S.K.: 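So that we are looking at the same thing, I have put the structure below in structure tokens.
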Amino acid sequence: MTAVLEISGLRKTYRSRKGVRNALDGFDMLVEAGQVHGFLGPNGSGKTTTLRTLLGLIRPNEGRMAILGHEVPRHLPEVASGVGAIVESPQFFGNFTALETLTLLAIAGDVNRNRVHAVLELVGLRERAKEKVKTYSLGMKQRLAVASALLKEPKLLILDEPANGLDPGGIREMRTLMRDLSDSGMTVLLSSHILGEIQLICDSVTIIAAGRRVSSGSVADVLAQHTSASVKVRLEPGVDLLNAAQLLRTAGAEVRLESDHFVVGNAGNPAQITKLLAEQQIFVAELTPISADLESVFLELTGTAPVDGENRQVDQVAAAGGGWGR
Amino acid sequence: MSLYRAETRRLVKRRFTRVFVVLTLLVLGLIVGGVGIFSTKLTPAVTARAQTQATAEYQSALEYAAEEKRLCAVDSAAYGGDCASIYQPTPGDYEAQWYLPFSFNFGESFEDMLVVLTALLAMVAFAIGASFVGVEWRNGGMMNLLLWRPRRAQVLLTKLGALLAGLVGLTVVTGLLWTATFWAIGRFRGDLGKLTPGVWQSFGLTGLRALALVVVAGALGFGLASIGRHTAAAFGVAIGALVVMQFGLSTVLNMASARYADLYLADKWVTAWMYKSAEVIDWSAPCDYASGGNCEQPVFTITWQMAGGLLTALFVLVTVVAMWTFRKRDIA
């Protein structure tokens, strides 16, 4: 597959009186053509800095970036027509209508003005196109932002939190739109915090924490790398859970008791559980492998899982690096 | 060219631009209306009426003086014993021209009206220029545009070009209407005065200097708002400059008896630019009574060339810094 987007060793440092902060600390990313690629990371991890650097809005200190085979930012003017992007929540002139907003962009970008109506239709704003943007809800503005990114029929679509402010129906529509665009050959880079959505629509993901890549690959591979050998065990009603758990612990199992079941953490061979218990006339009612979801993998990799009694700060991650004063 | 068209269209469609242009035209209309309503054509009847009034006032003054003299003759002590000091009015004290109603003289007064127009348009140009780019910085429109047009220098210069072209258009159209309207007031409700080719040439040159001032004001507003990335930045600098230069520095320099303290007043330079020269007096210097017995102090003349140099320097400085910061700074 052809790489549509390549980033290697990207470094961006901010200096202030408080010290030096590495927003990006040798970050790498690869997005292949025709994929929907999820870009995940906690707040302040460097997602938006990466996207802005890629789009020429921020100058990196080091690193190499290429879009559609062209080095950027040096050749950005040549590839800009092939890249549609929204970064964070773009704002528009409140007194302009959606139609005027997109028409001005179409004129500025030398895009066929017929595209304006096509993209308004695509994002579901056709009926409201002649209303002033200041009357729009957050979700409608988000749709308009996506429309503006789609206006130039990009080969690469970069969307930063596109579902922000959308209602459940809108999120589903956006998901379908991403999938359709990908099916039509467009590559979509999607930054989002809605991990369930990412898992549903993305072919591959890159996870960033403290300005560094902590994982990447297809969604299935990333999940597989972090799927534990845990199984959930539920016994027949009336059976002493504590006794059964003790039995397994004696055999070396890592058992965590829950209210009506227990979890065996190192169940490399689940059949061993049923065998051990059956020998003591204890019969298993349910034995379910616990598969990791993207959210748990994300929390584990980025070190941002909530801890009881602690208030995690924005720059506080388990991964090394980042933070003020380094 | 497409970006230029888009920016021109955006400039024209902006509510801020429209509101300010309409308000400007309204104020200009009020000035024109006021001059037109209060100006009176000096017909022989109007002149005769003024002459009659002047004569009547003179007669009244004569009668008053005669009465005073009569009373003085009766009781000179009440007048300090000097009846000869009672003023005897002369016809020269009651000239008919002082009783004429206001009459707009196009040849004599239009240059002042051009300065009024320029001052108003320059303020509006500054505000529109600042808002044109400042709002885009504030609401993320600039970032959005740069995703389409990554060549930053080209983007900023095109925006500036569209703004200045719009201001030139506005100034030329308004200036022509202004000229035509005041010519009509002079023709029908006042006096045209002596309109020689030289007078028209002078008006034309003043008009060109007015145009340059409006353009520079617009560019300054645009540049300052771009450097500060906010409309308010330009207004803040303008107000700051006004407070520091016009009031603070001027007061301090006057208190310190600095030479030519008024040189730091912006209005002196604007006056020099519009009226071709402006004189600044060295109030700290001792009086020279050698010529005519009056207090003469050294005078420094600011020429329009000097004022033009300063305007050019400001224009170049602000534009270059705006361009440099636009190219170098991150857009976050």
Side-chain angles (χ1 to χ4, degrees), chain A residues 12-14 23 48-49 51-61 67 72-81 83-97 100-111 113 132-134 141 144-145 148-149 151-152 154 157-158 160, chain B residues 1-22 128 131-163 166 226 229-231 324-332:
Chain A
K12 177 66 186 177
T13 303
Y14 289 108
T48 301
T49 304
L51 297 182
R52 286 187 171 172
T53 308
L54 195 62
L55 295 165
L57 300 173
I58 292 177
R59 286 171 197 277
N61 296 98
I67 295 177
V72 292
R74 192 148 53 98
H75 295 292
L76 195 58
E78 287 101 279
V79 295
S81 61
V83 182
I86 57 169
V87 184
E88 287 190 327
S89 291
Q91 299 292 309
F92 300 98
F93 288 102
N95 286 309
F96 284 9
T97 65
E100 284 169 343
T101 301
L102 295 183
T103 303
L104 282 174
L105 274 177
I107 295 171
D110 265 337
V111 171
R113 284 207 235 167
K132 289 186 175 180
V133 173
K134 67 181 177 188
K141 284 180 186 164
L144 179 59
S148 74
L151 201 54
K152 47 187 169 180
L157 183 64
I158 297 173
D160 193 5
Chain B
M1 200 60 201
S2 54
L3 180 59
Y4 178 81
R5 271 195 301 131
E7 289 303 322
T8 304
R9 194 163 161 171
R10 192 172 70 79
L11 175 68
V12 173
K13 276 184 163 290
R14 291 195 64 226
R15 192 172 63 166
F16 189 93
T17 310
R18 290 180 175 182
V19 167
F20 263 68
V21 168
V22 168
I128 290 177
S131 166
F132 184 54
V133 72
V135 168
E136 262 205 305
W137 273 117
R138 189 170 54 84
N139 75 1
M142 185 66 84
M143 188 174 73
N144 211 16
L145 181 60
L146 288 174
L147 298 179
W148 286 68
R149 293 281 194 161
R151 289 195 171 95
R152 295 190 188 183
Q154 190 187 50
V155 166
L156 199 70
L157 284 176
T158 307
K159 280 179 176 292
L160 182 60
L163 169 74
S226 186
R229 297 188 172 185
H230 204 295
T231 309
W324 185 81
T325 54
F326 190 62
R327 290 193 65 183
K328 293 290 176 191
R329 284 164 65 189
D330 287 343
I331 295 166

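All figures in this text were calculated on a predicted structure; none of them were measured in a lab. In what follows, chains are A, B, ... by sequence order, proteins preceding strands, each numbered from 1.
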S.K.: In terms of heavy-atom proximity below 4.5 Å to chain B, should Thr103(A) be classed as side chain, backbone, both, or neither?
M.R.: side chain
S.K.: Please identify, among Thr48(A), Leu151(A), Ile158(A), the residue contributing the most non-hydrogen atom pairs under 4.5 Å to chain B.
M.R.: Leu151(A)
S.K.: With Phe326(B), which residues qualify under ring-ring contact (aromatic ring centres under 6.0 Å, His included), at least two apart?
M.R.: Trp137(B)
S.K.: Any idea which of Leu104(A), Asp110(A), Val111(A), Val83(A) has the most non-hydrogen atom pairs under 4.5 angstrom with chain B?
M.R.: Leu104(A)
S.K.: Taking all non-hydrogen atoms of both residues, which atom of Ala80(A) and which atom of Trp148(B) are closest, and how far apart?
M.R.: CB-O, 4.1 Å
S.K.: Going by the angle between their ring planes, with limits at 30° and 60°, are Phe96(A) and Phe93(A) parallel, tilted or perpendicular?
M.R.: tilted
S.K.: Apply salt bridge (charged side-chain N to carboxylate O under 4.0 Å, His left out) to the pair Arg52(A) and Asp330(B), showing each step before the final yes or no.
M.R.: CA-CA 9 Å; Arg52(A) 286 187 171 172; Asp330(B) 287 343; over 6 Å; no
S.K.: Please look at Arg59(A) and chain B and tell me whether the side chain, the backbone, both or neither of the residue comes under 4.5 angstrom of a heavy atom of that chain.
M.R.: both
S.K.: Among Arg138(B), Arg5(B), Arg329(B), Lys13(B), who wins on heavy-atom pairs under 4.5 Å with chain A?
M.R.: Lys13(B)
S.K.: Can you say whether Arg10(B) sits under 4.5 Å from chain A via the side chain, the backbone, both, or neither, judging by heavy atoms?
M.R.: both
S.K.: Check whether Phe92(A) forms a cation-pi arrangement with Lys141(A) (NZ or CZ under 6.0 Å from the six-membered ring centre, at most 45° off the ring normal).
M.R.: no
